[in-house]
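The structure under discussion appears below in the form of structure tokens.
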Amino acid sequence: GVEVGPQPQGVARADILDKMRKIVKHGLDFVQLFNEGKEFPPCTIEVFKIMEKVDYPRNKNDEITAIIHPKLQDQDWQPLNNGDPLFLTLDGEVIPYQGNCTVYPTFINEAAYYEKKQAFVKTEKIKLSAKHLRASVP
């Protein structure tokens, strides 16, 4: 599957559609070249691995008691370090990120995830390496 965003539900955006078309075209080009027996050299790529889903702070009645801090809003895939602002309570108190490593939040404050109790997803940046790749052509 391919998910390209961010894009609100029910909205068709030309720039996002264009990005999706390019990604699908690159994927199909790869499959064609692989099937033709092309050899691909070893490579390394940085990716983001999901660590955990993080909920909003809640009270004993399961009601949200803080919102995403303005400095975190729209900062998907950007580093979040220990002590950085994370949430802002309705009383104006800043709740900082408390972690032992830098993380890269994504799906920050997505409307579709409120009912799933998800304020954002914490990811870690890792490198994946692949050896050369080649299909055996009969």
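Remember, predicted model here, so these are calculated numbers, not experimental data.
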Side-chain heavy atoms nearer than 4.5 Å, only ILVMFWY residues, links allowed to pass through others: does that put [X] and [Y] together?
{"X": "Met20", "Y": "Leu28", "value": "yes"}
{"X": "Leu80", "Y": "Val94", "value": "no"}
{"X": "Ile16", "Y": "Ile23", "value": "yes"}

Which atom pair, heavy atoms only, marks the closest approach of [X] to [Y]?
{"X": "Asn82", "Y": "Gly99", "answer": "OD1-N, 3.1 Å"}
{"X": "Met51", "Y": "Val103", "answer": "SD-CG1, 3.8 Å"}
{"X": "Ala66", "Y": "Ile95", "answer": "CB-CD1, 4.1 Å"}
{"X": "Asp76", "Y": "Phe107", "answer": "OD2-N, 2.7 Å"}

Are the side chains of [Y] and [X] in contact, using a 4.5 Å heavy-atom criterion?
{"X": "Pro105", "Y": "Thr123", "answer": "no"}
{"X": "Val121", "Y": "Val54", "answer": "no"}
{"X": "Pro42", "Y": "Lys131", "answer": "no"}
{"X": "Lys71", "Y": "Pro85", "answer": "yes"}
{"X": "Pro96", "Y": "Asp84", "answer": "no"}
{"X": "Leu72", "Y": "Leu86", "answer": "yes"}
{"X": "Tyr97", "Y": "Lys122", "answer": "yes"}
{"X": "Phe87", "Y": "His69", "answer": "no"}

Point to revise | Expected output: side-chain Thr106 to main-chain Trp77 donor-acceptor under 3.5 Å | key: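 Pair absent, no side-chain N/O of Thr106 close to backbone of Trp77.
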How many angstroms lie between atom [atom1] of [X] and atom [atom2] of [Y], to the nearest 0.5 angstrom?
{"X": "Thr89", "Y": "Ile67", "atom1": "OG1", "atom2": "CD1", "value": "9.0 Å"}
{"X": "Tyr104", "Y": "Glu124", "atom1": "OH", "atom2": "CD", "value": "10.0 Å"}
{"X": "Arg134", "Y": "Leu33", "atom1": "CZ", "atom2": "CG", "value": "13.5 Å"}

Exercise for review: Decide yes or no on side-chain contact (heavy atoms from CB on, under 4.5 Å) for Ile126 and Lys49, but give the supporting numbers first.
Suggested key: CA-CA 7 Å; Ile126 62 172; Lys49 180 180 176 185; 4.0 Å; yes
Counting only heavy atoms not in [X] (residues, nucleotides, ligands), do more than 12 fall under 6.0 Å from its [atom1]?
{"X": "Asn61", "atom1": "CG", "answer": "yes"}
{"X": "Leu133", "atom1": "CG", "answer": "yes"}
{"X": "Glu115", "atom1": "CD", "answer": "no"}
{"X": "Arg21", "atom1": "CZ", "answer": "no"}

Review point. Between the side chains of Ser129 and Thr44, does any donor sit under 3.5 Å from an acceptor?
Key: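 Ser129 vs Thr44: donor-acceptor pair found between side chains.
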Exercise for review: Run the numbers on Asn81 and Thr102 for side-chain hydrogen bond (donor to acceptor under 3.5 Å, both in side chains), then give the verdict.
Suggested key: CA-CA 5 Å; Asn81 300 297; Thr102 299; 2.5 Å; yes
Check your understanding: Can you name the salt bridge (Lys or Arg N to Asp or Glu O under 4.0 Å) partners of Lys53, sequence neighbours left out?
Key ->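 Here no residue qualifies.
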Check your understanding: Are Asp55 and Lys116 ion-paired here, with the side-chain N under 4.0 Å from a carboxylate O?
Key ->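 Salt bridge: no.
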**Study point:** Ion pair Lys22/Asp18, N-O distance below 4.0 Å
**Key:**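 A salt bridge links Lys22 with Asp18.
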Review point. Is the Phe120 to Tyr113 ring centre distance short of 6.0 Å?
Key: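 No, they do not, as the ring centres are separated by 6.0 Å or more.
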Practice item. Check the pair Lys127, Ile45 against side-chain contact (heavy atoms from CB on, under 4.5 Å), reporting the backbone distance first and the verdict last. Key: CA-CA 6 Å; Lys127 288 186 179 184; Ile45 185 172; over 6 Å; no
Exercise for review: Start with the C-alpha gap between Glu36 and Lys38, add the side-chain angles, then the distance that decides, and say whether side-chain contact (heavy atoms from CB on, under 4.5 Å) holds.
Suggested key: CA-CA 6 Å; Glu36 291 172 356; Lys38 177 172 174 59; 5.6 Å; no
**Study point:** Verdict with supporting geometry, Ile108 and Asp74, side-chain contact (heavy atoms from CB on, under 4.5 Å)
**Key:** CA-CA 7 Å; Ile108 300 169; Asp74 301 321; over 6 Å; no
